[in-house]
Amino acid sequence: MIPSTAKIFRDHGLLLAAVTKQRREGHVLVFSNGTFDLLHVGHVRSLEDAKSKGSLLVVGVNSDRSVRAYKGANRPVVPEDERAELLAALECVDFVTIFDEATPEKLLRLLRPEVHAKGRDYTEATLPEAELVRSLGGRIEIVGDPKDHSASDLLKRIAKLSNS
């Protein structure tokens, strides 16, 4: 269960209300999303860079069910509530929400961010939701350092250590 914090929203309607209030105060919304299983330095660098593209960073976290659907039955390692809590603890992250769909398109349509930020494992040409973001009046920003870090690589390193 997610602890009580003003930064984590299970209810997307309540998230929209919080974002709308912040926009009225002049904030520029940046949205980023991902699995964020085994939080690592690549995630932190990407989210810090994403925040620099605006003034309000909302992070969408894939639910456990959606992660299993594309990464397999053994993932995620860290449950969705804990992944959301870890992200909410980062200074650069303003709000966190969990979504159950394969892509964040429903959240993008709801929030209509000025910026959709994704890590360097994507390009604007390979990002599935890029056309939607542009059609909603937003722009794409590819953020973070080169894709030198991944949870999958961490898991392989841990498995190697435990086998030695």
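The figures here come from the full heavy-atom set of this structure, side chains too, leaving out hydrogens, waters and symmetry mates. Everything numeric here is computed off the predicted structure, so don't read it as measured data.
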For a side chain to side chain contact (heavy atoms under 4.5 Å, CB included) with Leu57, tell me which candidate from Val115, Leu90, Val30 qualifies.
Val30

Just one of Leu86, Ile98, Ile8, Val61 clears the side chain to side chain contact (heavy atoms under 4.5 Å, CB included) bar with Asp81, so which one?
Ile98

Determine, for Asp94 against Lys51, whether the closest basic-nitrogen to carboxylate-oxygen distance falls under 4.0 angstrom.
yes

Hydrogens and angles aside, do Thr97 and His12 bring a side-chain donor and acceptor to less than 3.5 Å of each other?
yes

For Leu136 and Leu108, the nearest pair of non-hydrogen atoms, with its separation, is CD1-O, 3.5 Å

Could Arg65 and Asp100 be called an ion pair, given the rule that one side-chain N must be under 4.0 Å from one carboxylate O?
yes

Is there a side-chain contact between Thr103 and Asn33 (heavy atoms, below 4.5 Å)?
no

With salt bridge (Lys or Arg N to Asp or Glu O under 4.0 Å) as the test, would you mind laying out the steps for Arg109 and Glu129 before giving the verdict?
CA-CA 10 Å; Arg109 288 180 197 283; Glu129 56 270 16; over 6 Å; no

Answer yes or no: is there a side-chain heavy-atom contact under 4.5 Å between His116 and Lys118?
yes

If you measure from the Lys or Arg side-chain nitrogens to the Asp or Glu carboxylate oxygens, is any gap between Lys7 and Glu85 under 4.0 Å?
no

Heavy atoms, side chains only, cut-off 4.5 Å: are Asn62 and Phe36 in contact?
no

Is the number of heavy atoms from other residues, nucleotides or ligands within 6.0 Å of CD (Glu91) greater than 12?
no

Side chain to side chain donor-acceptor pair (under 3.5 Å) partners for Thr20, two or more places apart:
none

Does Ser32 use its side chain to pair, donor to acceptor, with the backbone of Ala117 at less than 3.5 Å?
yes

Presence of salt bridge, Arg139 and Glu141, under 4.0 angstrom
yes

What I want to find out is whether Asp64 reaches Arg75 closely enough, with some N-O distance under 4.0 Å, to be called a salt bridge.
no

Decide, yes or no, whether a salt bridge links Lys53 with Asp49 under the criterion of side-chain N to carboxylate O below 4.0 Å.
yes

